[in-house]
Amino acid sequence: MNKDIYLSNSLGGKKEKFVPIKKDQVGMYVCGPTVYDDPHIGNARPLVIFDLLFKVLKCKYGSKAVTYVRNITDIDDKIIKSSKEKKIPISDLTKSITKKFHTDCDYLICESPSYEPRATENIKLMIEMISDLIKSNFAYESEKHIYFKVKNFKDYGKLSNKNLEDLIAGSRVEVSENKKNPEDFVLWKPSKDDEPFWESPWGNGRPGWHLECSVMSKKYLGDTFDIHGGGRDLIFPHHENEIAQSICANKTKNLANYWVHNGFITMSKEKMAKSQGNVLKISDFKSNYNGQVLRLALMSAHYTQPLDWNNKLMNECYKTINKWYDCYSPTNKKILIKDEDLQPLYDDLNTPGYLANLHKLYIKAKDGSLKDKELFTIACNFIGLLRQPKDQWDKFKKEKLSLSEKEISEKINDRNKAREDKNYKLADKIRDELLDKGILIEDKDGKTTWKIK
RNA sequence: GGUAACGUGGCGGAAUGGUUACGCAGAGGAUUGCAAAUCCUUGUAUCCCGGUUCGAUUCCGGGCGUUACCUCCA
């Protein structure tokens, strides 16, 4: 397959043909979690979206050609605050949230990135980058704080379409007596007695937000790399500041050539965010839904669009996967997905377009040959669906049942007796009762079978 | 106030300068004791006003509306 990949580039605001810096090598950096609280559905979207992009890139460039780096930020003001609130030592908190995050990734069927560096393991490199920035007059020290001097970087605001005057006029920037200018942001700050610290030329302290991404992307992908991803809300200030730091420290023109940002998950059309108090934890879904259902739901809209999260969406996705399992036919054969079927994914990760193709392949597979079913299964597998054996999917459904199989067959016997007696009122009552409990009865060829709705 | 995104049938959601998305729901039919499941059939929608064009839902301008970012947020 030699089709081009297109991506919506936030830098410039247009869909562009993807051309990697090196012909047969792709580097992608995605902002991972700050591990201070349980991951929620909003966090799940970039996990699934960039997992898909990883798969598509590997499909085109080869599985070894793509380096996917996703950081874990394990030192930050939010973590310190959360640790105090929860009365848990910081390292315990970050370890347990990181573990939960990985469990959630598995639940959503996301494969591991190539590297998953932690901020606290790279403090030395951060200090080096700060020193470079001070030397080249892009940063200054003030009362044991180091600030980035935004005015000295003329391209500041290019990604987020902001200019300095507006930012200052907005005056929502954090005011601090130590700053020379209100728009400056902190690279290093002193730690209080009860806060974690690292030794530095400017005293014991800790890094500002933003810096870990600049340092770790450089470490694994170089000064300039291909794709940088994350949620829309990171565009400003996080990515803007990353760009400023990296370009000034590395003396390059660009940090990443393609900036890819996913839209938000909303609840009743309003952004799902901790500050709004309307977050749904990923783990809350585990008892009721197989992770594939969430994964499909997260792919049901284009990644740049907002996605409203509700029960109807979940139910539709559940029904779709349940239906698709009828054609589940795993195989070790190498069956290639047709270019025309794959094409929507190459075109800016158009997941709804690909899902439409899957529906078409399903219809073909349903009455088709084994090979059609195998192709359909492989096409689902490509985006991380139908990877679990069917009995695992059924098992999950059975766990939710309130009736035992024995009770169900007793009810069915009762109903069939009633039918023989032509007591259809009773028969229908039993059937409806079972349906209420999620058991679907089918009379076929004189036999009655049941399945879980 | 500044900066963006979006506005498609009952709902969700793609695409597109002239013809079909797709899914769910609904309707009709086959089947059935009745159902369910399944199968078959069925949908002519692009916020408003101008402009460009032979032709715009699609491009351009204006308006209205919704949302987001400008403070931590995926």
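Side-chain atoms are counted along with the backbone in the values below, which use heavy atoms only and exclude waters and symmetry mates. Sequence lines set the chain letters: A, B, ... in the order given, protein chains first and strands last, and positions in each chain run from 1.
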Engineer: For B:U38, which nucleotide in any strand shown is its Watson-Crick or wobble partner with both distances under 3.5 Å?
Structural biologist: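 Pair assignment: B:U38 / B:A30.
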Engineer: Hey, is the side chain of A:Lys422 poking within less than 4.0 Å of OP1 or OP2 on B:C34, counting only N and O atoms?
Structural biologist: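 So the side chain of A:Lys422 is outside the cut-off, no N or O lying under 4.0 Å from OP1 or OP2 of B:C34.
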Engineer: With rounding to the closest Å, how many angstrom separate the P atoms on B:G7 and B:C60?
Structural biologist: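 After rounding to an integer number of Å, I get 14 Å for this pair.
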Engineer: Got a salt bridge between A:Asp38 and A:Lys100, using NZ or NE/NH1/NH2 to carboxylate O under 4.0 Å?
Structural biologist: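 Yes, A:Asp38 and A:Lys100 are salt-bridged.
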Engineer: B:A68 pairs with which nucleotide, Watson-Crick or G-U wobble, both distances below 3.5 Å?
Structural biologist: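 Answer to the pairing question: B:U3, which forms a Watson-Crick or G-U pair with B:A68.
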Engineer: Taking atom CZ of A:Phe396 as the centre, report whether more than 12 heavy atoms of other residues, nucleotides or ligands fall under 6.0 Å from it.
Structural biologist: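 More than 12 within 6.0 Å, yes.
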Engineer: Centre of A:Phe264's six-membered ring, under 6.0 Å away, within 45 degrees of the axis: is that where NZ or CZ of A:Lys271 sits?
Structural biologist: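 Because its charged atom sits under 6.0 Å from the ring centre and within 45° of the axis, A:Lys271 does stack over A:Phe264.
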Engineer: Can you tell me, in whole Å, how much space there is between the P of B:C54 and that of B:U67?
Structural biologist: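 So the two P atoms sit 40 Å from each other.
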Engineer: Using purine N1 to pyrimidine N3 plus N6-O4 or O6-N4 for Watson-Crick, or N1-O2 and O6-N3 for G-U wobble, both under 3.5 Å, which nucleotide pairs with B:G10?
Structural biologist: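 Across any shown strand, B:G10 pairs with B:C24.
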Engineer: Does A:Lys55 come within less than 4.0 Å of A:Glu111, counting only side-chain N to carboxylate O?
Structural biologist: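 Salt bridge: yes.
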Engineer: If we take the C1' atom in both B:A14 and B:A21, what is their distance in whole Å?
Structural biologist: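 It comes out at 6 Å once rounded to the nearest Å.
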Engineer: Mind checking A:Gly263 for me? I need base, sugar-phosphate or nothing, with any heavy atom below 4.0 Å counting as a touch.
Structural biologist: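 Base contact - A:Gly263 has a heavy atom under 4.0 Å of at least one base atom.
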Engineer: Select base, sugar-phosphate, or nothing to describe what A:Asn262 touches, counting heavy atoms under 4.0 Å on all strands.
Structural biologist: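 Base contact - A:Asn262 has a heavy atom under 4.0 Å of at least one base atom.
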Engineer: Is it the case that A:Lys364 places NZ or CZ above or below the six-membered ring of A:Phe376, under 6.0 angstrom from the centre and within 45 degrees of the axis?
Structural biologist: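 No, A:Lys364 and A:Phe376 do not form such a contact.
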Engineer: If you measure from the Lys or Arg side-chain nitrogens to the Asp or Glu carboxylate oxygens, is any gap between A:Arg295 and A:Asp51 under 4.0 Å?
Structural biologist: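 Result for this pair is yes, salt bridge flagged.
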Engineer: Give me the ring orientation class for A:His145 and A:Tyr147: parallel if the planes are under 30° apart, tilted from 30 to 60°, perpendicular past 60°.
Structural biologist: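 The arrangement is parallel - the two ring planes meet at less than 30°.
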Engineer: What's the closest nucleotide to the A:Arg415 side chain, out of B:A35, B:A74, B:C69?
Structural biologist: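 The answer is B:A35, which lies nearest to the side chain.
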Engineer: Looking at B:G33, B:C72, B:A68, which one has an atom nearest to any side-chain atom of A:Ser275?
Structural biologist: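 Output: B:C72.
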Engineer: The side chain of A:Lys271 is closest to which nucleotide in this list: B:A4, B:A74, B:A14?
Structural biologist: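 The answer is B:A74, which lies nearest to the side chain.
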Engineer: Which part of the nucleic acid, if any, lies within contact of A:Ser300, taking any heavy atom under 4.0 Å across all strands shown: a base, the sugar-phosphate backbone alone, or nothing?
Structural biologist: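 If one applies the 4.0 Å heavy-atom cut-off, A:Ser300 turns out to touch the sugar-phosphate alone, with no base involved.
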Engineer: Can you measure A:Lys360 atom NZ to B:A21 atom P for me and round it to whole angstrom units?
Structural biologist: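 In whole Å, B:A21 P lies 10 Å from A:Lys360 NZ.
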Engineer: Give me the ring orientation class for A:Tyr325 and A:Trp393: parallel if the planes are under 30° apart, tilted from 30 to 60°, perpendicular past 60°.
Structural biologist: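 A:Tyr325 and A:Trp393: parallel rings.
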Engineer: Write down the partner of B:G50 under the Watson-Crick or G-U wobble criteria, each distance required to be under 3.5 Å.
Structural biologist: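 Check on B:G50: paired to B:C60, both distances under 3.5 Å.
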Engineer: In whole Å, what separates the P atom of B:A68 from that of B:A15?
Structural biologist: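 Going atom to atom, P in each nucleotide, I get 23 Å.
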Engineer: Base, sugar-phosphate, or nothing for A:Tyr424, non-hydrogen atoms under 4.0 angstrom?
Structural biologist: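 Base, at least one base heavy atom under 4.0 Å.
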Engineer: Categorize A:Ala273 for me: base, sugar-phosphate, or nothing, with a 4.0 angstrom heavy-atom threshold over every strand shown.
Structural biologist: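 Base: the residue A:Ala273, judged by heavy atoms under 4.0 Å, touches a nucleobase.
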Engineer: Using a 4.0 Å cut-off on protein heavy atoms (strictly under), produce a 5'-to-3' string for nucleotides 38-43 of chain B with B for base contact, S for backbone-only sugar-phosphate contact, and - for none.
Structural biologist: -S----
Engineer: Less than 3.5 Å between a donor and an acceptor, one on the side chain of A:Arg45 and one on the base of B:A74, is that the case here?
Structural biologist: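 There is none.
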Engineer: If the threshold is 4.0 Å, N to carboxylate O, is there a salt bridge linking A:Lys390 and A:Asp394?
Structural biologist: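 Yes, this pair counts.
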Engineer: Within this structure, what is the NZ-to-P distance between A:Lys319 and B:C22, rounded to whole angstrom?
Structural biologist: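 Those two atoms, NZ and P, are 18 Å apart.
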Engineer: Ignoring hydrogens and angles, are the base of B:G33 and the side chain of A:Asp428 linked by a donor-acceptor pair under 3.5 Å?
Structural biologist: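 Donor-acceptor pair under 3.5 Å: yes.
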Engineer: What distance, rounded to whole Å, do you find between the two C1' atoms, one in B:G43 and one in B:U8?
Structural biologist: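 That atom pair is separated by 14 Å.
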Engineer: For RNA chain B, determine which residues of residues 30-43 of chain A have any heavy atom closer than 4.0 angstrom to one of its atoms, and list them numerically.
Structural biologist: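 Going residue by residue through residues 30-43 of chain A, the ones with a heavy atom under 4.0 Å of RNA chain B turn out to be A:His40, A:Gly42, A:Asn43.
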Engineer: Could you list by number each residue of residues 67-75 of chain A showing a heavy-atom separation from RNA chain B of less than 4.0 Å, or answer none if no residue does?
Structural biologist: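 Heavy-atom cutoff 4.0 Å gives no residues at all.
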Engineer: With nearest nucleotides of RNA chain B determined for A:His359 and A:Leu307 from heavy-atom distances, which residue corresponds to the more 5′ nucleotide?
Structural biologist: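 This one resolves to A:Leu307.
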Engineer: Does atom NZ of A:Lys219 have more than 12 heavy-atom neighbours from other groups under 6.0 Å away?
Structural biologist: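 Atom NZ in A:Lys219 is packed in, count exceeds 12.
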Engineer: Starting at CG of A:Leu440 and ending at C1' of B:A37, how long is that distance when rounded to a whole Å?
Structural biologist: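 Those two atoms, CG and C1', are 6 Å apart.
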Engineer: Please measure how far the P atom in B:C22 lies from the corresponding atom in B:C59, and state the result in whole Å.
Structural biologist: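 Those two atoms are separated by 23 Å.
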Engineer: Quickly work out the A:Glu183 CD to B:G2 C1' distance and round it to whole Å.
Structural biologist: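 For the pair A:Glu183 CD and B:G2 C1', the rounded distance is 16 Å.
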Engineer: Counting any heavy atom closer than 4.0 Å, what does A:Asp443 reach on the DNA or RNA strands: base, sugar-phosphate only, or nothing?
Structural biologist: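 Result for A:Asp443 = base.
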Engineer: Name the closest nucleotide to the A:Pro352 side chain, picking from B:A21, B:U3, B:C72.
Structural biologist: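 The closest nucleotide is B:A21.
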Engineer: Taking the cut-offs as 6.0 angstrom to the six-membered ring centre and 45 degrees off its axis, would you call A:Lys78 and A:Tyr36 a cation-pi pair?
Structural biologist: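 Relative to the ring axis of A:Tyr36, which defines the angle, A:Lys78 lies inside both limits.
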Engineer: Rounded to the Å, how far apart are A:Asp348 CG and B:U16 P?
Structural biologist: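 After rounding, the reported distance stands at 11 Å.
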Engineer: Quick one: is the NZ or CZ of A:Lys60 closer than 6.0 Å to the six-membered ring centre of A:Tyr346, and within 45° of its axis?
Structural biologist: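 No, A:Lys60 does not sit over the ring of A:Tyr346.
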Engineer: Counting only side-chain nitrogens and oxygens, does A:Asn163 get under 4.0 Å of the OP1 or OP2 atom of B:U3?
Structural biologist: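 Result: no.
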Engineer: Less than 4.0 angstrom from a charged side-chain N to a carboxylate O is my criterion; do A:Arg206 and A:Asp76 meet it?
Structural biologist: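 The answer is no: the pair does not qualify as a salt bridge.
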Engineer: 5'-most contact on RNA chain B: A:Ala356 or A:Ser160, nearest heavy atom basis?
Structural biologist: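 Looking at RNA chain B, the more 5' nearest nucleotide goes with A:Ser160.
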Engineer: Kindly point out which of B:C22, B:G23, B:A74 is positioned nearest to the side chain of A:Ile265?
Structural biologist: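 Out of B:C22, B:G23, B:A74, the nucleotide with an atom closest to A:Ile265's side chain is B:A74.
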Engineer: For the rings on A:His210 and A:Phe185, is their centre-to-centre separation under 6.0 Å?
Structural biologist: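 Aromatic pair counts; centres sit under 6.0 Å.
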Engineer: Any salt bridge linking A:Asp443 with A:Arg415? Criterion: basic side-chain nitrogen under 4.0 Å from a carboxylate oxygen.
Structural biologist: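 Salt bridge present between A:Asp443 and A:Arg415.
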Engineer: Rounding to a whole Å, what distance do you find between A:Asp76:CG and B:A74:P?
Structural biologist: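 Rounding to the nearest Å, CG of A:Asp76 and P of B:A74 are 10 Å apart.
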Engineer: Can you tell me how far C1' in B:C72 sits from the matching atom in B:G13, rounded to whole Å?
Structural biologist: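 Looking at atom C1' only, B:C72 and B:G13 are 32 Å apart.
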Engineer: What nucleotide among B:A74, B:C6, B:G12 has an atom nearest to a side-chain atom of A:Leu234?
Structural biologist: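 So the nucleotide nearest the side chain must be B:A74.
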Engineer: For the C1' atoms, the ones on B:U42 and on B:G9, what distance do you get once it is rounded to whole angstrom?
Structural biologist: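 Comparing C1' positions in B:U42 and B:G9 gives a spacing of 14 Å.
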Engineer: Could you tell me how far apart A:Lys269 (NZ) and B:G65 (P) are, to the nearest whole angstrom?
Structural biologist: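 Between P of B:G65 and NZ of A:Lys269: 18 Å.
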Engineer: Between B:C70, B:C11, B:G13, which nucleotide gets closest to the side-chain atoms of A:Lys162?
Structural biologist: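 It is B:C70.
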Engineer: Could you tell me the separation between the CD atom of A:Gln276 and the P atom of B:U71, rounded to a whole number of Å?
Structural biologist: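 For the pair A:Gln276 CD and B:U71 P, the rounded distance is 16 Å.
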Engineer: Ignoring hydrogens and geometry beyond distance, is a side-chain donor-acceptor pair present between A:Ser214 and A:Glu242 at under 3.5 Å?
Structural biologist: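 There is no such pair between these side chains.
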